[in-house]
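This is the structure I have questions about; it appears just below.
Throughout, protein chains are lettered first and strands after them, A, B, ... in sequence-line order, and every chain is numbered starting at 1.
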Amino acid sequence: MHITRKVQKILNQYQGDNPGSLTNIAKILMHGKLAGSGKMIILPVDQGFEHGPARSFAQNPKAYDPAYHYQLAIDAGLNAFAAPLGMLEAGARTFAGAIPTILKLNSSNSWAATKDQAITAQINDALRLGCAAVGFTIYPGADNCFNMIEEIQSLANEAKSVGLAVVIWSYPRGSKLTQKGETAIDVTAYAAHMAALLGAHIIKIKPPTNHIEQPEAQKIYQQQNIKIDKLSDRVAHIMQSAFDSKRLVVFSGGSAKSDDELLTEIQGLADGGASGSIIGRNSFQKPKADALKLLSQVIEIYRKS
Amino acid sequence: MHITRKVQKILNQYQGDNPGSLTNIAKILMHGKLAGSGKMIILPVDQGFEHGPARSFAQNPKAYDPAYHYQLAIDAGLNAFAAPLGMLEAGARTFAGAIPTILKLNSSNSWAATKDQAITAQINDALRLGCAAVGFTIYPGADNCFNMIEEIQSLANEAKSVGLAVVIWSYPRGSKLTQKGETAIDVTAYAAHMAALLGAHIIKIKPPTNHIEQPEAQKIYQQQNIKIDKLSDRVAHIMQSAFDSKRLVVFSGGSAKSDDELLTEIQGLADGGASGSIIGRNSFQKPKADALKLLSQVIEIYRKS
Amino acid sequence: MHITRKVQKILNQYQGDNPGSLTNIAKILMHGKLAGSGKMIILPVDQGFEHGPARSFAQNPKAYDPAYHYQLAIDAGLNAFAAPLGMLEAGARTFAGAIPTILKLNSSNSWAATKDQAITAQINDALRLGCAAVGFTIYPGADNCFNMIEEIQSLANEAKSVGLAVVIWSYPRGSKLTQKGETAIDVTAYAAHMAALLGAHIIKIKPPTNHIEQPEAQKIYQQQNIKIDKLSDRVAHIMQSAFDSKRLVVFSGGSAKSDDELLTEIQGLADGGASGSIIGRNSFQKPKADALKLLSQVIEIYRKS
Amino acid sequence: MHITRKVQKILNQYQGDNPGSLTNIAKILMHGKLAGSGKMIILPVDQGFEHGPARSFAQNPKAYDPAYHYQLAIDAGLNAFAAPLGMLEAGARTFAGAIPTILKLNSSNSWAATKDQAITAQINDALRLGCAAVGFTIYPGADNCFNMIEEIQSLANEAKSVGLAVVIWSYPRGSKLTQKGETAIDVTAYAAHMAALLGAHIIKIKPPTNHIEQPEAQKIYQQQNIKIDKLSDRVAHIMQSAFDSKRLVVFSGGSAKSDDELLTEIQGLADGGASGSIIGRNSFQKPKADALKLLSQVIEIYRKS
Amino acid sequence: MHITRKVQKILNQYQGDNPGSLTNIAKILMHGKLAGSGKMIILPVDQGFEHGPARSFAQNPKAYDPAYHYQLAIDAGLNAFAAPLGMLEAGARTFAGAIPTILKLNSSNSWAATKDQAITAQINDALRLGCAAVGFTIYPGADNCFNMIEEIQSLANEAKSVGLAVVIWSYPRGSKLTQKGETAIDVTAYAAHMAALLGAHIIKIKPPTNHIEQPEAQKIYQQQNIKIDKLSDRVAHIMQSAFDSKRLVVFSGGSAKSDDELLTEIQGLADGGASGSIIGRNSFQKPKADALKLLSQVIEIYRKS
């Protein structure tokens with residue numbers, strides 16, 4: 001399939017990058033059922049690290065096997081599969097060339113004493129495993145945030161020099177934020193903007209609520225009459241905050257919810273101009289047939305957007 | 001002896017690894033009385049570091065001599081012998097080629113101020129000593145866990161690039177866990193899964209109890225009716241958590257106990273599909289004849305499984 | 001345009017630097033409407049990192065787009081455009097050669113737990129993006145100040161070795177200073193001098209007030225009858241502190257204020273011998289026509305000085 | 001498009017390689033009109049280096065523009081485009097993701113004093129330009145052959161470690177061979193075998209004639225009654241020499257000839273089990289419409305084989 | 001199988017080596033049907049490089065496939081399989097752990113302009129492919145001999161530091177020697193001694209004739225009445241020259257000959273105390289059943305010696 005105008009336009013917005021990184025961004029955007037649409041769906045499977053295996057996979061025991069996730073992403077026609085080192089290593093040979101992969105470079109776990117993540121893989125792992133991109137989580141608002149930023153700065157610098165794409169999961173949390181504030185519209189927009197300034201090619205955030213966390217922000221949102229009532233409005237504001245839509249922003253589905261709730265949310269994301277979704281638990285915790293059906297519906301929403 | 005189908009099947013599951021690491025995994029699986037069975041028994045002798053020499057060796061004073069352990073592992077027909085740098089250096093020449101060795105890369109001691117371990121050897125030590133693998137302990141749940149994870153990440157990356165096998169001892173402990181929780185089924189499964197995600201070829205954990213430590217996990221174990229009453233059920237759950245049995249998992253014997261208790265436990269491990277056992281104090285603190293007899297019985301259980 | 005005597009004289013004052021750094025200082029001084037005058041106006045856009053996108057750009061939504069800022073700096077005939085990595089990457093190709101750029105190497109954010117900044121780019125980024133200079137913020141007075149100084153030391157060392165110019169933002173803050181003290185004349189002069197001693201080619205500070213923060217300083221200011229009543233006097237004192245005007249010192253406009261207030265302040269700066277101004281929010285938060293008009297007036301003041 | 005069984009089988013034959021190299025081999029085999037067939041057509045444009053621009057491009061002046069070749073390879077639905085550094089740099093951004101590229105790492109020219117080539121690019125160029133593979137020419141039989149072998153050894157080692165595919169152009173020439181001998185069946189088979197032993201993933205050679213150059217070889221060809229009368233027989237013998245068809249071997253079209261001659265030759269190659277063709281002058285020296293028609297016919301032959 | 005006294009004694013003679021190299025020497029000596037005997041048979045397959053594929057494999061076309069050789073060495077119960085990079089890469093995963101491998105690091109070819117070889121692999125290749133040893137050819141007597149010696153010096157140094165075994169093929173040839181002199185007893189003994197002095201763990205030479213090439217040597221052979229009439233005597237003299245039998249010396253079978261001739265020669269080698277044989281063309285150019293029968297007879301001769 002030829003590179004479409006939509007994808008070409010997106011690639012043109014990555015001006016500071018070498019053609020290697022562009023090639024890998026294109027690889028993701030030109031794969032699967034949304035190939036060429038400029039939209040993307042990513043399957044992320046790092047919940048085992050974050051919450052342990054039973055909470056992640058017991059509902060659908062086939063999902064204990066890494067190969068299940070590779071195959072799910074392929075069968076659903078997704079754009080990419082993201083996972084930590086060990087999970088990618090477990091299928092990288094069988095599925096070489098079958099689906100673009102994103103190596104998650106850091107991970108937290110349920111017992112973390114701090115709002116932080118450990119680095120669990122290197123750039124050379126991404127190259128030897130044939131990954132298209134590397135992913136890294138930062139926690140804006142956390143005490144360790146500067147450390148995390150400096151880690152991704154260094155890893156992203158190396159990744160870009162060897163032509164990989166860089167995905168930043170920007171998840172505000174930490175002592176400076178209330179729990180409600182973690183998904184506040186002002187905080188989420190800020191998190192997206194910060195990832196863009198750090199040079200992310202693809203930014204992953206959570207769908208924002210209409211809560212405004214910061215008093216200084218509250219003032220400007222009112223003054224400028226920024227619309228935040230509907231999810232689509234909030235997403236449009238987020239996209240603006242990502243260099244006026246010049247960066248790809250994908251939204252996580254968050255904790256498992258009903259299919260209808262999810263599809264309504266996805267419709268809001270799509271209406272607001274989101275670049276796509278990253279859907280983990282809502283897909284792999286279902287029986288495969290149900291997951292394929294749901295993902296097909298999600299794809300349809302983005303295709304029409 | 002030719003590589004058996006069982007071993008070939010296990011090797012095929014290490015897809016991200018170069019043939020060098022596969023060769024060393026094969027070396028361990030094709031050695032000793034369990035050669036070719038896909039099962040393994042490892043003799044670990046790092047208790048001197050952890051508890052001091054008298055508590056480790058005074059019951060069987062011949063065990064003060066490193067050569068004793070090499071010879072015990074050889075005479076018992078075990079698959080491998082694991083120890084810290086100094087102990088391997090003390091016998092590496094005499095026993096070159098006689099038994100696959102695993103160089104333990106970090107160690108704690110009785111006076112440790114923190115739940116942590118010091119790095120006590122490097123990858124080039126493993127190469128110059130002719131080791132088949134390196135071993136590293138992490139403490140999921142400890143305040144220093146991220147540090148430990150980053151250390152093994154870096155060491156494992158180097159080890160794999162030079163064709164060594166990587167063993168991770170995953171021992172939950174730290175302020176986030178009760179003492180009972182350290183061997184809880186949910187915690188142990190999580191620890192095994194974490195090691196798999198970190199890219200371990202062989203995972204070492206403790207036999208799990210039927211306690212469930214985490215409230216969020218409790219919910220899912222009940223909801224999904226995960227069987228954890230019998231040890232064999234719990235072990236089966238652990239194996240599932242290790243990439244659906246695609247990673248080798250061996251279980252420690254823990255503190256010294258009666259032979260009957262140990263053999264009953266081993267039977268449970270074997271019934272649950274464990275890849276094998278790692279037996280230290282229960283073997284080398286006995287007179288050699290008794291140790292050989294016990295290890296022979298353990299081997300018999302795994303051979304029949 | 002030929003290098004003017006004024007610029008030649010300035011360049012001659014950088015005696016320890018290689019011709020590469022001089023070439024880049026000249027590149028900035030010979031660009032835009034103030035080319036050849038020895039004065040400079042810089043457009044800095046890192047407020048999105050410090051305060052979030054809405055507080056920075058919502059008043060003039062076109063400013064969400066990085067290209068807007070490049071174009072504003074070009075259309076206004078400024079000497080340089082300074083921004084963090086992601087923003088420069090977003091326009092570096094379209095605007096290659098169109099305006100000297102300064103890559104900001106560190107950044108803070110609203111939730112920072114400490115008076116500190118995270119390193120967000122490297123020297124090789126500045127080279128691959130064709131920047132003329134790198135910029136770095138230090139907080140004299142902060143608990144982390146030594147760390148920040150050591151970071152800029154290392155980065156400046158590398159920057160100079162590859163012929164880049166070095167700009168230091170020297171912003172006193174921290175537990176050792178009152179809020180009023182952060183812009184005190186003695187503190188500001190000290191901050192400028194510290195940056196000069198650290199080897200900055202261009203120093204950025206805030207306009208000083210007539211407050212004197214340090215009792216020991218108070219004594220000497222009185223004793224020597226140092227004039228600090230008028231802004232121009234204070235600026236002259238600052239310039240003296242910057243190696244007797246042998247280093248370029250530019251002053252920030254600070255938070256948004258009325259145009260008249262700003263122009264009065266600029267006149268004071270120019271009268272005191274300031275090397276120029278660095279004007280962010282006061283320009284890009286206005287409609288573009290208004291911004292161009294204001295910047296034109298500022299340029300006129302410096303041209304006549 | 002899913003990875004086909006044919007391609008999966010080919011990938012499985014690269015046992016010593018990491019999943020990264022497999023991913024890039026798959027990228028080439030899964031692209032264009034022959035995607036999934038296990039066959040490939042490559043457009044090589046390095047004739048300007050070898051013969052100068054007029055001899056290469058004057059017949060079809062549009063071909064002076066590197067973009068012409070990218071677009072020709074894309075429009076024709078070829079598997080990959082191979083060229084020296086400068087030519088890839090001239091289109092890498094516009095065509096990022098549009099066609100797998102092969103960076104030619106060495107080149108000769110008309111005035112070369114020796115049968116040798118100069119290294120004209122590095123592995124990091126291939127990464128930053130997003131190439132799927134690197135290519136390198138050796139001249140078995142040349143005085144400098146050992147040097148060339150050592151160069152590709154070192155470059156291939158680095159390329160494989162970062163997950164690139166390696167293509168070796170194996171062109172016998174030099175003082176040890178008659179001109180007729182350069183394409184002799186024994187010499188060509190030897191050249192293909194040598195490239196395989198050097199670790200090439202894809203081998204490029206010229207279609208062999210039925211001449212036998214070496215007296216020692218003559219003996220064995222007669223004795224063993226190796227069939228070499230038909231091109232298809234000779235190609236089958238070549239494929240055997242490439243690890244019994246376990247390595248991909250593509251054949252060059254050589255100097256320009258009539259379309260009928262070329263298609264007859266291609267049919268012979270396909271009948272003999274060739275992995276594909278690499279067609280330069282016979283395509284880009286024609287008007288584009290003619291080239292597309294010819295390439296379409298070539299593809300049809302391989303598709304049916 | 002336990003390390004035997006014979007093997008232990010051999011290992012003890014490598015006093016300057018680290019336990020890693022000893023482990024790999026042991027790996028070779030403890031593998032196959034001669035395991036533990038202190039004797040070894042190696043299958044070398046680099047004739048394709050030296051003579052081309054048809055001359056090497058056409059008599060037994062199955063031998064075109066690298067897997068054939070791995071399987072032949074395994075089925076015959078040999079100690080090791082030696083081959084160049086590409087051939088080992090083609091089977092390293094399927095046969096991981098099944099047979100010790102020796103990576104040949106340099107190779108010549110039929111058209112070599114000089115008596116020399118090209119370096120075709122690196123030490124890191126040996127590690128990633130799980131090889132037990134590296135092999136290198138030197139041509140004592142050749143103009144390039146010093147170069148070759150310096151190359152193996154450097155490679156052997158690196159190989160030993162990472163615990164690999166080092167095999168030197170010592171083949172006298174060059175302008176200083178007559179063709180008859182290449183296998184002269186004085187020259188062969190000298191070649192073996194030179195390899196020992198270069199630090200080889202295993203030395204490979206050709207069976208010596210009773211010709212004496214050097215006049216100065218002739219004198220001393222007569223004076224000291226060194227017995228060289230029978231092959232066994234000559235071999236005993238060679239073994240003496242290899243540090244009084246403290247280094248392993250294996251003898252090549254040379255060009256194909258009748259089975260009876262070969263077995264007679266092997267008997268002579270064994271009687272003289274040879275460490276074993278390296279048998280290529282005489283085995284893989286036969287139908288597999290014949291090869292297995294012959295190799296079985298060779299093994300029997302060494303087992304009884």
Report summary line: Answer key: most heavy-atom pairs under 4.5 Å with chain A among B:L177, B:D17, B:D186 is B:L177
Query raised in the report: What part of A:L129 lies closer than 4.5 angstrom to a heavy atom of chain B: side chain, backbone, both or neither?
Result: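 Only the side chain of A:L129 comes within 4.5 Å of chain B.
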Query - Atom group of B:Q224 that falls short of 4.5 Å from chain A, counting heavy atoms - result: side chain
Query - Nearest non-hydrogen partners of B:F243 and A:M87, listed with the distance - result: CZ-N, 3.6 Å
Report task. Using non-hydrogen atoms and a 4.5 Å limit, figure out which bit of A:A58 sits close to chain B: side chain, backbone, both or neither. Result ->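 Both backbone and side chain.
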Requested in this report: Give me the contact list for residues 229-240 of chain B versus chain A, heavy atoms only, anything under 4.5 Å, ordered by residue number.
Outcome: B:H237, B:Q240
Requested in this report: Against chain A, label B:I152 side chain, backbone, both or neither, depending on which of its atoms sit under 4.5 Å from a heavy atom there.
Outcome: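 Neither part, no heavy atoms under 4.5 Å.
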**Report entry** Top contributor to chain A contacts, counting heavy-atom pairs under 4.5 Å, from B:N12, B:I226, B:V187
**Finding:**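 Between B:N12, B:I226, B:V187, the count favours B:V187.
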Requested in this report: Step through it carefully: locate the ring centre of B:H193, locate the ring centre of A:F57, and say whether they are under 6.0 Å apart.
Outcome: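 Yes, close enough.
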**Report entry** A:S56, part contacting chain B, at a heavy-atom distance under 4.5 Å
**Finding:**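 Neither part; nothing is under 4.5 Å.
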Query raised in the report: Which is it for A:S110 and B:Y190 under the side chain to side chain donor-acceptor pair (under 3.5 Å) test, yes or no, and what are the steps along the way?
Result: CA-CA 10 Å; A:S110 294; B:Y190 196 165; 3.2 Å; yes
Query raised in the report: Under a 4.5 Å heavy-atom cut-off, does chain A meet the side chain of B:K160, its backbone, both or neither?
Result: side chain
Report task. Could you note down all residue pairs passing ring pair (Phe, Tyr, Trp, His ring centres under 6.0 Å) where residues 136-165 of chain B supplies at least one of them, sequence neighbours left out? Result ->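 Counting only pairs at least two positions apart or across chains, no ring pair (Phe, Tyr, Trp, His ring centres under 6.0 Å) contact touches residues 136-165 of chain B.
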Query - Shortest non-hydrogen contact between A:D125 and B:Q153, atoms and distance - result: OD2-OE1, 4.2 Å
Query raised in the report: How many angstroms lie between atom CG of B:D143 and atom OG1 of A:T114, to the nearest 0.5 angstrom?
Result: 8.5 Å
**Report entry** B:A189 to A:P53 - nearest heavy-atom pair and separation
**Finding:**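 The pair with the smallest heavy-atom distance is O-CG, 3.5 Å.
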Query raised in the report: Judged by atom type as modelled, is there a donor-acceptor pair below 3.5 Å linking the side chain of B:E150 to the main-chain atoms of A:I119?
Result: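 Yes; judged by distance alone, with no hydrogens or angles, the pair exists.
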**Report entry** Contact check, side chains of A:H51 and B:E216, non-hydrogen atoms, under 4.5 Å
**Finding:** no
Query raised in the report: To the nearest 0.5 Å, how far apart are OG1 in A:T120 and CG in B:N157?
Result: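 One gets 11.5 Å once the value is rounded to the nearest 0.5 Å.
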Query raised in the report: For the atom pair CZ (A:R128) and OG (B:S161), what is the distance rounded to the nearest 0.5 Å?
Result: 9.0 Å
Query raised in the report: Can you tell me how far the CD atom of A:Q59 sits from the CD1 atom of B:I220, to the nearest 0.5 Å?
Result: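 Output value for this atom pair is 4.0 Å.
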Query raised in the report: Any residues in residues 196-205 of chain B near chain A, with a heavy-atom distance under 4.5 Å, and which are they?
Result: B:A196, B:L197, B:L198, B:G199
Report task. Select one option (side chain, backbone, both, neither) describing which atoms of A:E151 are under 4.5 Å from chain B's heavy atoms. Result -> side chain
Query - Shortest non-hydrogen contact from B:K246 toward A:A67 - result: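 So the minimum-distance heavy-atom pair works out to NZ-CB, 3.6 Å.
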Return a table of donor-acceptor pairs under 3.5 angstrom between the side chains of residues 70-78 of chain A and protein atoms on other chains or two or more places apart.
{"from": "A:Y70", "atom 1": "OH", "to": "A:L88", "atom 2": "O", "distance (Å)": "2.8"}
{"from": "A:Y70", "atom 1": "OH", "to": "A:A92", "atom 2": "N", "distance (Å)": "3.4"}
{"from": "A:Q71", "atom 1": "NE2", "to": "A:D75", "atom 2": "OD1", "distance (Å)": "3.0"}
{"from": "A:D75", "atom 1": "OD2", "to": "A:K288", "atom 2": "NZ", "distance (Å)": "2.6"}

Query - Test log, rule side-chain contact (heavy atoms from CB on, under 4.5 Å), inputs A:W111 and B:M194 - result: CA-CA 12 Å; A:W111 303 306; B:M194 218 181 274; 4.0 Å; yes
Query raised in the report: Counting heavy-atom pairs under 4.5 Å to chain B, which of A:A90, A:S107, A:S108, A:G130 comes out on top?
Result: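 Winner by heavy-atom pair count: A:A90.
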Query raised in the report: Side chain, backbone, both or neither: which part of A:N106 has a non-hydrogen atom closer than 4.5 Å to chain B?
Result: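 Contact with chain B involves no heavy atom of A:N106 at all.
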Requested in this report: Please state whether the side chain, the backbone, both or neither of A:A112 comes within less than 4.5 Å of a heavy atom of chain B.
Outcome: both
